[in-house]
Amino acid sequence: MKELVEVIAKALVDNPDEVTVTEKESGRNITIELHVAPSDMGKVIGKQGRIAKAIRSVVKAAASSKDNKRVDVEIV
């Protein structure tokens, strides 16, 4: 999941070198934190949060086929 979020985020931003993704697992929950440059924050969130929702939807769809774990994506 971490790699999926990283590939999507790097395709969206102007500074792909500043994209970092961390993954924290606790029980059945996995939290993926996406860190981008402040100037790229708007590109990752999108108008009315549409791009952020799309990223979350793609990750949840990919996670549903694996191990019955709940995946949350946080944009920090």
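What's counted below: heavy atoms across the whole structure, side chains too, no hydrogens, waters or symmetry copies.
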* Go through the structure and list residues passing salt bridge (charged side-chain N to carboxylate O under 4.0 Å, His left out) with E25, not counting sequence neighbours. => K69

* Asked: Can you list the residues that meet the salt bridge (charged side-chain N to carboxylate O under 4.0 Å, His left out) rule with E33, with sequence neighbours excluded?
  -> K24

* Excluding sequence neighbours, so at least two apart, what forms side-chain contact (heavy atoms from CB on, under 4.5 Å) with N29? -> S26, R70

Apply side-chain hydrogen bond (donor to acceptor under 3.5 Å, both in side chains) to [X] and list each qualifying residue two or more places apart in sequence or on a separate chain.
| X | answer |
| --- | --- |
| K53 | none |
| E6 | K10 |
| D14 | K43 |

* To do: Nearest 0.5 Å please: distance from the CD1 atom of I45 over to the CD1 atom of I55.
  => 9.5 Å

* **Pairwise distance CZ(R50) to OG(S57) - rounded to 0.5 angstrom** => 13.0 Å

State, with a plain yes or no, whether a side-chain heavy atom of [X] is found less than 4.5 Å away from one of [Y].
| X | Y | value |
| --- | --- | --- |
| I51 | L12 | yes |
| V19 | V13 | yes |
| E23 | T31 | no |
| T22 | I32 | no |

* Verdict with reasoning, D72 to I30, per side chain to side chain contact (heavy atoms under 4.5 Å, CB included) -> CA-CA 6 Å; D72 295 320; I30 299 173; over 6 Å; no

* To do: Indicate if M41 and V21 have the same hydrophobic cluster label, given that clusters are the connected sets of ILVMFWY residues with side-chain heavy-atom separations under 4.5 angstrom.
  => yes

